[in-house]
Amino acid sequence: MADIAETAPRPAPRISFVSLGCPKALVDSERILTRLRAEGYELARSHAGADAVIVNTCGFLDSAKAESLAAIGEAMNENGRVIVTGCMGAEPDAIRDAFPNVLGVTGPQAFESVMAAVRAAAPAARDKFVDLIPGEGVRLTPRHYAYLKIAEGCDNRCTFCIIPSLRGRLASRPAGDVLREAERLTKAGVKELIVIAQDTSAYGRDLKYAESPWRDRQVAARFLDIVRELGSLGAWVRLQYVYPYPHVDEAIALMNGGNVLPYIDVPFQHASPAVLKAMRRPAAQEKTLERIRAWRAICPDLTIRSTFIVGFPGETEEDFELLLDWLDEARLDRVGAFQYEPVKGAKANELGLEPVPDDIKASRHKRFMQRAQAISAKKLAAKVGKRLEVIVDDGGAREAKGRSKGDAPQIDGAVHIATRRPLRAGDIVPVRIERADVYDLWGTAA
């Protein structure tokens, strides 16, 4: 009996995981989890009892840093064996000052360093017959959609942003690598590919648009080429974090029918020339209203989403009124706004501009969102009576919830569906729209 006990395999170490931040960080979490499963680790549902905890942090804003520190503190209290990674990990002193007993601190994309810390904390015995994972890897999104990161880092130097110092310069993936991953995902049942990067439309610039093999041909690492090829795989293709460079017009032309959705997420951030100059925004000199009109002429059904910052240092009431007037004319479909937060290490801190008082920032944010909501309500009301294709996120026998082609998961609205037949997550069904409010639609599955 002693011999049998000695040769029995020991239980696989269990790792608890916390993923914070944006979809780009979520993809990093998925890569770490895939490596963990490939090396024989199991995933724990709670910190208590796990052999270690990994916290993938966000460090873009002070509020995000506070959330990350709170998550680390919770993991330390419940477990005590904590490995920190992600954007806030690029500032290890801030983490170790608060939690000197963490097992390790690594920056974003430091996958091997994370794994080295895990192996040191809880070695796993690998078994090639047991440690099998899906070909598409471990994902944190539902089975029917996935984020597809085509590049990392950013070459822009926006004064409010520290992402380039955290994640480095633009580093695009070869087109063949991107397309092979996308093909694996679609074969695994993914119905919607959400294309992301820090600056998605800059894709391939660092590679000088070099070609790489895929299937029986060479594909250039160029924004237009990669979008066209992704559209051939049979899944919906949604584009996010797209800067309004002139060459984006070519991709808009792919959105009239087919699988490249008539949806584009463009972080305009502001409309005042003075504020945009202070922000040092790329393409700030472009006449964005003309660009938007041109896009809608190319693709009349286009949904445009954007985010804005109000209360940037030096923003005057005149600047803000200009932004409101611009919004009235642009009539964007989906809009989010943030009150400016100073970020340690951001160039905006060195501009010598007058900070906007908190009460004025809050007032401008409220006024901006009221204007945006009024536009959204009218836009959605115009969809009543129409028949839209909807991808189901939450299935049901009589009721379901999903998204139209104009809705990205987690950030946009929803379509509430009445149905006479059971619907499952991932189904794509026609829905006749019967009612609308500021953000959501209601209708019946046809």
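Please read these numbers as outputs of a predicted model, since none were measured by experiment.
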Discussion item. For A171 versus D206, what's the shortest heavy-atom pair and its separation?
Written reply: CA-OD2, 3.3 Å
Worksheet item: Which class fits the ring pair Y145 and Y147: parallel under 30°, tilted 30 to 60°, perpendicular over 60°?
Response: perpendicular
Worksheet item: Should K149 and D28 count as an ion pair when the cut-off is N to O under 4.0 Å?
Response: yes
Discussion item. We want to know whether S19 and S29 form a side-chain donor-acceptor pair, criterion being a heavy-atom distance below 3.5 angstrom.
Written reply: yes
Fill in: Exercise: do E315 and S272 side chains pair donor with acceptor under 3.5 Å
no
Discussion item. I'd like to know if E183 and R215 make a salt bridge, using a cut-off of under 4.0 Å between side-chain N and carboxylate O.
Written reply: yes
Worksheet item: Looking at K401 and D440, does any basic side-chain N land under 4.0 Å from a carboxylate oxygen?
Response: no
Output side-chain donor-acceptor pairs under 3.5 Å for residues 388-398, partner residues at least two apart or in another chain, one line each.
residue, atom, partner, partner atom, Å
E389, OE1, K405, NZ, 3.0
D393, OD1, H144, NE2, 2.7
D393, OD1, R403, NH2, 3.3
D393, OD2, R403, NE, 2.7

Worksheet item: Any chance the rings of Y340 and F312 have centres within less than 6.0 Å?
Response: yes
Worksheet item: Are the charged groups of R305 and D412 less than 4.0 angstrom apart, N to O?
Response: yes
Fill in: Note: E317-R367 ion pair, threshold 4.0 Å (strictly below)
yes
Worksheet item: Parallel, tilted or perpendicular: which fits the ring planes of W326 and F268, with parallel below 30° and perpendicular above 60°?
Response: perpendicular
Worksheet, complete the sentence: Correct closest heavy-atom pair for R157 and R280 would be O-CD, 3.6 Å
Discussion item. Does this structure show an ion pair linking R173 with E152, if we count only N-O contacts that are shorter than 4.0 Å?
Written reply: no
Discussion item. Quick check on the 6.0 Å ring-centre criterion: do W236 and Y263 meet it?
Written reply: no
Practice prompt. Look at D407 together with R334 and state whether they make a salt bridge at an N to O cut-off of under 4.0 Å.
Written response: yes
Worksheet item: So which heavy atom on N79 is nearest to which on A50, and how close?
Response: ND2-O, 2.8 Å
Worksheet item: What are the two closest non-hydrogen atoms of S201 and F223, and how far apart are they?
Response: CA-CD1, 3.8 Å
Fill in: Salt-bridge contact E229-R217 (side-chain N to carboxylate O under 4.0 Å)
yes
Worksheet item: Taking all non-hydrogen atoms of both residues, which atom of G314 and which atom of V356 are closest, and how far apart?
Response: N-CG2, 4.4 Å
Worksheet item: Where is the tightest heavy-atom contact between T57 and T85, given as atom of each residue plus distance?
Response: OG1-O, 2.7 Å
